[in-house]
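A short write-up of the structure that comes next.
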Amino acid sequence: MERASLSAAARKDPTPHGSVAPTLVDFCRELRDEGMNVGTSELLDAFDALERVDWTRREDFREALAATIAKSQEDRHLFELVFDRFFFRAAEAEALANRAELGGELTGVQDRAGEGEPGDRGEAADGGQEASEQFDADALRQAILDAIERGDDAALRDLARLSIMTLGGAPSSGVLGVDVQRVRRALQLRSQDLPPGEEGAAQRKQLQQFERHVRRELEAALIAQTGKLPTVRPLNELNRALPSSGAQDLAAVHRSVKMLKRAMATQGLEHRGHQRTGAVDVRHTMRASLQTGGVPINLRYRPRRPRRPELFVLCDVSTSVTSASVFFLSILHALHDSFKRLRSFVFIERVAEVTEVFEKARAFAEVSERISKTAGVADISGYTDYGRVWADLYEQVADDFDPRSTLIVLGDARTNGRDPRADLFGAVAEKAGRTFWLNPEPTLYWNYGDSVIGVYEKHCDGVYECWTSKQLEGFVRELTTTRRR
Amino acid sequence: MAVDQAKPGATAAGAESAEALGAGLEAVGYLPSDTVSLVSYLAIQMGKPVLVEGPAGVGKTELAKALARHTGRELVRLQCYEGLDEAKALYEWNYKKQLLRIQTGAAGDGQATDQWDSVSDNIFSEEFLLERPLLHAIASSDPVVLLIDEIDRTAHEFEALLLEILSDFQVSIPELGRIEARTHPIVLLTSNDSRELTEALKRRCLYLWLDYPAPERELEIVRLHVPELDEQVAKRLVEIVRMVRELDVKKPPSIAESIDWARTLLLLGAKQIDRETFEQTLSIIVKHRTDLDLVAERVGVKLADRGAGPAGA
Ligand SMILES: Nc1ncnc2c1ncn2[C@@H]1O[C@H](COP(=O)(O)OP(=O)(O)OP(=O)(O)O)[C@@H](O)[C@H]1O
Ligand SMILES: [Mg+2]
């Protein structure tokens with residue numbers, strides 16, 4: 001509760017050094033844990049800045065800290081996440097206990113924040129029990145869909161809370177991302193059910209927003225359970241990777257892809273330099289031999305054809321509204337911008353080729369929209385069937401592979417308990433020159449639950465954790481040093 | 001050099017609070033967001049440079065100009081480019097003048113070596129120094145606003161030089177020693193993110209991310225620049241520009257484009273933005289060839305045909 005009491009303390013003692021210093025130090029430590037470069041000078045500046053603004057006003061408090069601590073757009077994004085988590089999580093937990101005006105004014109929440117006592121958490125849980133009796137899943141689902149249609153964010157936030165209370169019976173998997181999906185599935189919130197096209201686009205955004213609320217609420221619940229902040233780092237990064245917040249992350253993806261292109265081009269050259277002997281050009285050799293009395297002393301070689309990059313990319317869109325898929329789609333989008341000889345596929349239960357979609361539509365928003373329609377083709381049950389996917393791929397596509405082609409799979413390798421058919425995947429990978437796998441989950445979760453990444457890994461030239469543009473860059477970098485086998 | 005008024009905050013006329021500064025900026029034709037006012041205020045109060053980043057044309061340069069107008073200070077601008085060096089940014093010896101001095105000195109009397117010493121002492125004095133923007137910014141007797149535009153275009157080494165100036169407010173000139181700041185400039189650096197800036201530089205700066213303004217704000221900005229344009233048209237214009245920004249275009253239209261478009265519509269005497277008007281003037285807000293088709297297809301179709309009555313939605 002120490003955190004929540006910040007604003008109250010602030011009002012009592014206008015000089016930040018005394019009361020707030022430890023809290024601010026903690027906050028900066030947390031930012032550092034998340035990988036942000038926060039030094040002493042930032043901290044001192046932050047104190048300095050707080051002395052100069054009326055920081056009982058939430059916005060001024062936040063902006064003053066941000067200006068002194070977060071020194072890039074990426075930092076700023078991270079700052080927002082941690083700031084909310086750090087300063088307002090406890091306040092929200094208490095607001096939940098009071099269950100009054102949940103989406104109401106922040107100042108209201110803040111006012112209550114200072115008075116919160118640890119005991120309130122117990123009440124929050126009780127409130128949850130009552131709520132679960134009042135709501136059943138269907139009613140909840142309808143309420144959520146209504147709120148999505150209205151674009152009522154405050155209501156979505158309340159409903160996210162209620163959903164978790166209502167469905168809270170199931171044990172937590174310990175992985176927020178998985179729990180979020182569980183809630184979504186339990187409520188049968190599928191983006192396909194929303195109206196297609198323009199109108200649906202806004203609603204799909206709302207659905208994402210709802211998920212974000214669920215995630216935050218789950219986080220809050222975890223804090224309430226353990227009494228401390230969860231080690232949420234990896235999953236926060238998922239949020240960070242979301243390219244929906246402007247072009248910045250997309251730009252990073254584009255940069256990485258350009259790097260990849262260069263890398264592949266130079267590898268082609270390396271390859272050529274390596275094998276000195278190409279095919280002998282008989283006619284040319286004979287002509288040259290005229291100078292040596294017809295004795296073919298100098299063999300002439302046919303110039304090696306430069307290897308044109310040839311990419312096959314396979315993208316899991318099963319969790320079509322989650323950030324990972326959006327991120328993957330943005331990678332695909334960038335790849336199509338750079339590579340001519342690229343074929344792309346999306347899959348859920350079946351494979352569907354989307355090369356044309358990318359070639360025809362340029363705007364990312366448009367692409368995602370079309371893909372989500374195509375994904376409908378690839379989706380029957382809503383669950384990924386990797387075995388099925390490999391079978392499709394082997395039958396329909398693998399014949400087009402040759403030793404020069406590179407296959408990249410983007411997916412979490414979660415089979416929903418179905419047969420992973422590693423043998424089929426092996427056969428597919430065998431036909432491609434090399435195969436890489438990018439997994440949007442933190443390595444920590446690999447091979448837990450229904451993740452079978454391990455059985456596929458054997459057949460790959462490399463498996464990488466990849467949910468941020470930074471990691472993508474890392475993958476590309478490593479690729480530049482990986483020789484073709 | 002005497003340090004005078006070099007204390008942060010001491011010269012901050014019209015900046016008693018972030019709100020006051022915001023109002024001051026408005027008064028000189030710049031409509032800041034609350035965050036812009038707050039960070040500018042902090043920069044002045046704390047005597048720290050601000051690193052301003054954001055898409056092209058969101059008013060980074062204009063903010064520096066407005067701060068200068070508001071505080072009544074001179075705006076000193078250093079436009080960065082690849083290969084910018086000390087001689088162009090900081091100071092240069094005035095060789096011509098030095099040469100002249102040597103010649104006139106030598107023409108005097110005989111004792112060569114003695115003479116030379118005094119001449120060389122002499123010609124490496126402030127009198128023979130050509131002030132470039134950075135030196136000018138701190139040596140000026142009246143405080144200035146210093147805008148270092150597109151810092152990311154320079155080489156890393158250049159940052160080291162800036163660091164010395166921005167943190168110590170002094171410049172060391174080998175032949176002269178240290179020149180300390182007479183006055184403290186308000187410093188804004190802009191970057192278009194073409195390369196990472198060094199940690200050290202970022203550490204010295206406050207950070208401000210300037211984004212496209214909220215629609216209401218943008219409407220106000222457009223109305224400020226083109227007050228004669230019909231309000232309904234201006235409103236619609238801002239809406240459409242927003243729509244275009246949401247498409248994933250190569251170069252999204254900035255505030256500058258909104259203003260240009262407003263001017264054009266005014267010239268055309270447009271009473272509404274129908275599809276025809278839109279298509280005629282599209283190239284003002286969308287510059288990239290590939291973007292043109294996309295925007296025409298995605299936004300153009302949503303506009304009413306001419307004569308279909310004012311576009312309400
Ligand atoms: N807040 C504002 N109030 C009034 N006018 C504004 C504002 N923001 C931008 N403008 C106007 O928008 C135009 C573009 O601004 P400016 O040139 O400062 O952008 P910039 O961010 O420096 O762009 P670039 O990255 O291309 O250098 C100018 O005409 C400026 O007057
Ligand atoms: Mg500019």
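Here is the naming used below: chain letters follow the sequence lines, and residue numbers restart at 1 for every chain.
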- What one should report as the nearest heavy-atom pair of B:R203 and A:S41 is CG-OG, 2.8 Å

- Message: With heavy-atom distances below 4.5 Å as the criterion, would you say the side chains of B:D34 and A:E59 are in contact?
- Response: no

- Note on the structure: Greatest number of non-hydrogen atom pairs under 4.5 angstrom with chain A, of B:V50, B:V39, B:L42, falls to B:L42

- Could you tell me whether a side-chain N or O of B:Y207 sits under 3.5 Å from a main-chain N or O of A:Q73, the two making a donor and an acceptor? yes

- Interchain contact, A:A70 with chain B, by part (heavy-atom threshold 4.5 Å): backbone

- If one checks every heavy atom of A:E63 against chain B at 4.5 Å, the contacting part turns out to be both

- Task: Answer with side chain, backbone, both or neither: which region of B:L38 has an atom nearer than 4.5 Å to a non-hydrogen atom of chain A?
- Result: side chain

- Item | Atom pair CZ (A:R62) and OG1 (B:T35), whose distance is rounded to the nearest 0.5 Å | 10.0 Å

- Message: Please evaluate residues B:M46 and A:T68 with respect to the criterion side chain to side chain contact (heavy atoms under 4.5 Å, CB included), reporting the C-alpha separation (whole Å), side-chain torsions for both, the decisive distance (0.1 Å), and the verdict.
- Response: CA-CA 11 Å; B:M46 295 167 72; A:T68 46; 4.2 Å; yes

- Pick from A:A49, A:G39, A:A64: which one has the most heavy-atom pairs with chain B under 4.5 Å? A:A49

- Is it the case that more than 12 heavy atoms not belonging to B:E279 sit under 6.0 Å from its CD atom? yes

- Task: Mind checking the OH-CG spacing from B:Y41 to A:D60? Nearest 0.5 Å is all I need.
- Result: 10.0 Å

- Query: Who wins among B:E199, B:R204, B:E53 for the most heavy-atom pairs under 4.5 Å with chain A?
  - Reply: B:E199

